[in-house]
Protein chains: 2
Amino acid sequence: MARVSFREQVLQAREEAIVSSVNRLLAQKGYDGMTVDEVAADVGIAKAVLYKHFPSKEALAAAAMVRVLDRAQARLAELAVSGMSAFERLQAVARWTLEVQLAGEMPSLPAQNSALRAALAADAGYMGKLLAVSEQLGEWITEAQARGDIDTAIPPEVVLYTLFARACDPVLGVLKASGAYTDERIVALLLATCFGGLQSRATATAARHPGRATRAAPAR
Amino acid sequence: MARVSFREQVLQAREEAIVSSVNRLLAQKGYDGMTVDEVAADVGIAKAVLYKHFPSKEALAAAAMVRVLDRAQARLAELAVSGMSAFERLQAVARWTLEVQLAGEMPSLPAQNSALRAALAADAGYMGKLLAVSEQLGEWITEAQARGDIDTAIPPEVVLYTLFARACDPVLGVLKASGAYTDERIVALLLATCFGGLQSRATATAARHPGRATRAAPAR
DNA sequence: GTCTATATAGCGATAGAC
DNA sequence: GTCTATCGCTATATAGAC
């Protein structure tokens, strides 16, 4: 039957608490900076207990990534029935990732760490979620391109990677640390640079006509 | 006198070899992934000798960063007398950083590592170079904005940070690893997304007229 | 089942031999 | 002056007490 014992509920609640701590610590200090002792102390349990739930530090990171992908999927599901255009949905997703980052809840993993990346690639749950999210976004990207809202000269997967990269763009942290901008303004600025680029619209339009060379190098 | 002994020349040459190795290893494995033993082995000297030249691993990283900033400064000096517009010079700088990254010669430091960041902030050579490069770029940015080539709604320092961030954009590594693009095309694509944004020009122009909401959120 | 205490290993940094 | 050998510390992971 589907009956879940009280004991199992307690265990699951603690697991959630662990993943939540890992998520925040990964956002604050990154993977290499986070220690397992710290996680145990933050959750309020002994390290040995932590290892009863998760077999390794890599598994902890994977669990945190799965949770953030779960949340992303939930946000995608909301947007799917929102009546927004594909382009607006993509912007809304980008905005959401920036807000998660501002809230200090976006786990950051090192770009290059062969052991960790191998562990993540071997995690079926992580890879499945990542694929599902990527496919949904890919659909919206091609739709936005078909409607003429996203530059068709950019391959869809490059658009996808660009959006993923913006979800952990260090510029947000720098702007936040400078203290010169409100959170709202930071989000607006980063969305503008991501979707609109640095170039002014006037220049971009003028560059469409041959004879001038001020436009950014075309994506051949 | 300015006479430099043969011995000192040898020491300086070795120092250059050390920094060169550190630079490449930082680009390959990142700061946390790089070990001092590895550096010594790569240079072909004993670790103790390494510590005669540089007092710590952090100092090694700082030296590598100073060297890359030196090279950036040299490139800026070339561009300053090139006859290009400010906007074109900024694009040329961005292109150069992408090419350095493609060549596997862009050292990558962790975004969050208090000890390392403190050491870098305390390094006068590093901070001086960083300031000099930033100021030169800042001049070009404001000039490009005055000429209407860069969006004036974006504060100059945000443009600066965006360019710095593109110099270590992980998207380049992903595209390179996919093997689906030539180096030239990768550079073209990343320059296009950075300066031109994801949005198509047609949509961007249409959005200038009120009544539609397809443009990226304006930078208020 | 939970915690204390420890095993094990890797890395930054150094002392001492030649 | 250069290298071998090692120290000391930290962090992941585990065994055994209660």
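To find a chain, count down the sequence lines: A is the first, B the second, and so on, and within it residues start at 1. The figures that follow rest on heavy atoms only: side chains count, while hydrogens, waters and symmetry mates do not.
Minimum heavy-atom separation, P156(B) to T142(B): CG-CG2, 4.0 Å. Nearest heavy atom pair, residue L69(A) against residue L130(A), reads CD1-N, 3.7 Å. Heavy atoms only, all atoms of each residue included: E78(B) and R75(B) are closest at OE1-NH1, 2.8 Å.
Ion pairing of R166(A) with D169(A) is present here, as a side-chain N (NZ or NE/NH1/NH2) and a carboxylate O approach within less than 4.0 Å. Remark: E143(B) engages R89(B) in a salt bridge, criterion side-chain N to carboxylate O under 4.0 Å.
In this structure, K57(A) is positioned above the aromatic face of Y31(A), its NZ or CZ under 6.0 Å from the six-membered ring centre and within 45° of the axis.
Interface residues of residues 43-54 of chain A facing DNA chain D, ordered by number: K47(A), A48(A), Y51(A); criterion, heavy-atom separation under 4.0 Å.
Going from atom NZ of K57(A) over to atom C1' of dT8(C) covers 17 Å, rounded to whole Å. In this structure, I18(A) atom CD1 and dT2(C) atom C1' are separated by 13 Å, rounded to whole Å. Atom CG of L25(A) and atom C1' of dA11(D) are 15 Å apart (whole Å). Here the P atom of nucleotide dA5(C) and the CG atom of D37(A) are 14 Å apart, to the nearest Å. In this structure, K29(A) atom NZ and dA11(D) atom P are separated by 9 Å, rounded to whole Å. If you measure from atom CG of L60(B) to atom C1' of dC11(C), you get 14 Å, rounded to the nearest angstrom. Nucleotide dT10(D) holds its P atom 19 Å from the CE atom of M34(A), rounded to whole Å.
Listed candidates were dT2(C), dA11(D), dT2(D). Nearest to the side chain of R14(B) is dT2(D).
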Donor-acceptor pairs are to be reported for all side-chain atoms of residues 103-113 of chain A against protein atoms at under 3.5 Å, with residues two or more places apart or in another chain.
| residue | atom | partner | partner atom | Å |
| --- | --- | --- | --- | --- |
| Q112(A) | NE2 | A27(B) | O | 3.2 |
| N113(A) | OD1 | A115(A) | N | 3.3 |
| N113(A) | OD1 | L116(A) | N | 3.2 |

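Put simply, SG on C194(A) and CZ on R95(A) are 12.0 Å apart, with the number rounded to the nearest 0.5 Å.
Taking five base pairs at each end of the helix from dG1(C)-dC18(D) to dC18(C)-dG1(D), the local helix axes there meet at an angle of 30°, rounded to 10°.
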V22(B) vs F54(B), test: side chain to side chain contact (heavy atoms under 4.5 Å, CB included). Steps then yes/no. CA-CA 12 Å; V22(B) 170; F54(B) 297 93; over 6 Å; no
